[in-house]
Structure formats: structure tokens, C-alpha cells
Amino acid sequence: MQEVGVVIFFVLSGFLIAHTTWTRKSNAAATNYGFRHFFIDRFSRIYAGYVPALLFILLVDSISLLIAPGAYVHGGALDAKTALGNLLMLENFPALDILHRRVASVPAIDRLGSGRPLWTLAVEWWIYMFFGWLVLARRRNRPWAYWSVLALLSIVPAWNLVWGLGDGIALAWVYGAGACALIWRGTAAVFSRRAWTAAACLCTAVTVTAGAYANGRAYDRVLVALIAATVTIGILGLQQSRLVVPATSRRWVRRVADYSFTLYLVHYTVLEATTLARGRVSDPALVVIGVVASNLLAVLLAALGEMRHRTLSTYLHRRFS
């Protein structure tokens, strides 16, 4: 279930980042939107929530290690080297992993402690940087510098198109960006609303059927393509629909979205910490406690970090743009 969520997130991320970037680039005459602006926007949005989450993982895991050292299973990934590597988005960096297999002195950076979902964020970050540089960086004055940086930024996206922990999860991001390109070119207007609705129903049925035969492998390439197609057709269909989302619903969606990134980063850590009470508390109660605690702690952390990303972005734009 959670892996299907990751696939959908990558598809939506590709769609939204491409849409935002191309929209701002098309208004470049007024805003002069370039890679520096793009970098500040992405850095602020991600690191405002990421740094507090890393500190939270360090704190909770250290307490867990202190209370139950025998039950803690991430001891090799809870040190300064791993924390610094995660801060620099180097967790599971392919070049380091390959070199580590050949030269033991070269460190391989794992995800920090119980922050098992952090690998997806590192993949996202490098895809963002590659896409932003590809679309926005200037290549006329120093083409050699442009292509050199592009080659460096392509390492993680290229690796994760074929391999990586998600078995080519970067393809889902490409599918999402492709969906955006279809809308950008006016493809949605070619077909009627009924045609999009029928296509969405058919694609959903095919995807659910394929998922049933995927044997629990949500990162199966065929299934990822079908999930991406279902999301894409749904987005294109909504472009043609007359659906109006009530203002109350929009407000609630925004409130949840305000801390959803932080929730994603820390929920695994909270759920693992609750297992220390296994045997003293029933499993159903642990599930409820884990879900409630994850959300409450994520809201508190987001209030300190994620919800302040616009303030950080404004400051950095004033300072460096």
C-alpha cells in the first residue's frame, strides 16, 4: 500500500514541478525566473521540513537505542557520517555505493536511523535539480560548464530510471512531467469529458487488475506505467470537467498539506518507537497510538519548519536573487 502511495506521489510531483517551472519560465520576461530562483524555491520547500525531521529522527532513535539497545536495528545508520550524508541528500547515492563495494574506505551513506522513507526524498531532490538545470540554466556563455553540471546532476535520476531502491521509480516522475506536457500542448481539449471519464474508468480497472497480479511489487514497471496512466487520465479529465471543489474542502486539504511532508518523513520513526511497548499494549491500540502520535508530532514539527518555508524562501530571495 505505501509503495503505491510513493508511485502516485512521484507522478504528481513530476506533474506539479513541471507545471510550476514551465509556467514561471513562460513569464520570464516579467520575473526573470532562472535556476537560482528555482533552487531557492525547492530548497526552502524541502529543507524547511527536512532539517527538523532529521533532528527529530536523531532524538527519537537515540532515546530508543538508550531504552532498548537490543531491539534497535538501525545502529549502523545512526552516526555523524550518516546524518551529514542525509543532510546533503547523499543517502544511497549510486556512485558512493559502487565505490564502497570496491574500496572499503569510501563510505556508503545509508538512510538515517529509522528514517527509512528518506531515500525517496533524495531521489526527488536530484530529479528536481536535474530538471531545473536542464530547463532554466543558461548554456550560451559557458556550454562546457552547463553540460558538466548537467552530467553531475543526472547521476541519481539516470540510475533510478533503471535501478535504485524503487526499481526505476524515477520513471514515475517522468510520466508525471509527460502528463503536464500533454496539458501544456492542449491535448486535454481534444476529447470530450465523457471520453475522458470512460478512459479513466477503463484505465483504473486495468490498473487494479494488474496490481492484483503484481504479487505485492508496487514498483513493477508495468504497474508503475499503468498507475501513471490512470493518474494522468484523471488529471486530463478533470481539466475538462466542471467540478468545483467547495471552499471548505479546499481549506481542509490545505491544512493537511501544511504538515503532510513532515508527516511522511517522521511517521515511520514514530511507528517504530511505539513497537517498544509491544507486549504491554495490544497491537490494535499500538496502531491507533502510532497514527495519532504521528499526526500530532508532525503538526508540531511542521509549525517549526515546514509551515515556515515561505518565510525562508522570501528571505533567501531577498538575500541572493
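Here, residue 1 is the first one in the sequence, and each next residue gets the next number.
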Can you confirm whether the side chains of Tyr33 and Asp41 place a donor and an acceptor under 3.5 Å from each other? yes
[X] atom [atom1]: more than 12 heavy-atom contacts under 6.0 Å:
X      : atom1 : value
Arg221 : CZ    : yes
Arg255 : CZ    : yes
Arg217 : CZ    : yes
Arg250 : CZ    : yes

Determine the minimum heavy-atom distance between [X] and [Y], stating which atoms define it.
X      : Y      : result
Ser44  : Leu316 : OG-CD1, 3.6 Å
Ala77  : Thr82  : O-CG2, 3.5 Å
Gly115 : Thr269 : N-OG1, 4.1 Å
Ser62  : Leu58  : OG-O, 2.6 Å
Gly49  : Leu265 : O-CD1, 3.9 Å
Arg45  : Phe261 : O-CE2, 4.1 Å

Worked verdict on Leu150 versus Arg139 for side chain to side chain contact (heavy atoms under 4.5 Å, CB included): CA-CA 11 Å; Leu150 189 67; Arg139 68 189 77 175; over 6 Å; no
Any ring-ring contact (aromatic ring centres under 6.0 Å, His included) pairs touching residues 61-89, not counting sequence neighbours? Tyr72-His74
Pairs satisfying ring-ring contact (aromatic ring centres under 6.0 Å, His included), at least one member in residues 79-120, at least two apart: Phe93-Trp126
Would you compute the distance between atom [atom1] of [X] and atom [atom2] of [Y] and round it to the nearest 0.5 angstrom?
X      : Y      : atom1 : atom2 : answer
Tyr259 : Ser294 : OH    : OG    : 10.0 Å
Leu118 : Leu54  : CG    : CG    : 6.5 Å
Leu312 : Ile40  : CG    : CD1   : 9.0 Å
Leu301 : Phe56  : CG    : CZ    : 6.0 Å
Ser64  : Leu59  : OG    : CG    : 9.0 Å
Tyr268 : Arg111 : OH    : CZ    : 8.5 Å

Let me have the donor-acceptor pairs involving side chains of residues 160-180, under 3.5 Å, with sequence neighbours excluded, atom names and distances please.
residue: Asn160; atom: ND2; partner: Val156; partner atom: O; Å: 2.9
residue: Trp173; atom: NE1; partner: Ser13; partner atom: OG; Å: 3.1

All N/O donor-acceptor pairs, side-chain side in residues 275-290, below 3.5 Å, sequence neighbours left out:
residue: Thr275; atom: OG1; partner: Glu272; partner atom: O; Å: 2.4
residue: Arg280; atom: NH2; partner: Leu276; partner atom: O; Å: 2.8
residue: Ser282; atom: OG; partner: Ala285; partner atom: N; Å: 3.4

Please check if the side chain of [X] supplies one atom and the backbone of [Y] the other of a donor-acceptor pair under 3.5 Å.
X      : Y      : answer
Thr120 : Pro117 : yes
His317 : Thr314 : no
Thr21  : Ala18  : no
Tyr146 : Leu134 : yes
Asn86  : Glu91  : no
Lys25  : Val135 : yes
Arg42  : Trp125 : no
Ser313 : His309 : no

Going hydrophobic residue to hydrophobic residue with side-chain gaps under 4.5 angstrom, can you get from [X] over to [Y]?
X      : Y      : answer
Ile109 : Leu88  : yes
Leu87  : Leu78  : yes
Val60  : Leu296 : no
Leu182 : Trp22  : yes
Ile17  : Val231 : yes

If the plane angle is over 60° it's perpendicular, under 30° parallel, otherwise tilted; pick one for His19 and Phe15. parallel
Is there any side-chain hydrogen bond (donor to acceptor under 3.5 Å, both in side chains) pair reaching into residues 198-211, and which pairs are they, with sequence neighbours excluded? Thr207-Thr230
Ring center gap for Tyr50 and Tyr47 short of 6.0 angstrom: yes
Residue pair Met129, Phe38: steps toward the side chain to side chain contact (heavy atoms under 4.5 Å, CB included) verdict: CA-CA 9 Å; Met129 294 301 102; Phe38 175 88; 4.0 Å; yes
Pair Asp110 + Arg116: basic N to acidic O under 4.0 Å: yes
Worked check of side chain to side chain contact (heavy atoms under 4.5 Å, CB included) between Leu121 and Ile46: CA-CA 9 Å; Leu121 185 61; Ile46 290 176; 4.1 Å; yes
Name each donor-acceptor pair under 3.5 Å that joins a side chain in residues 3-11 to protein atoms two or more places apart or in another chain, with its distance.
none

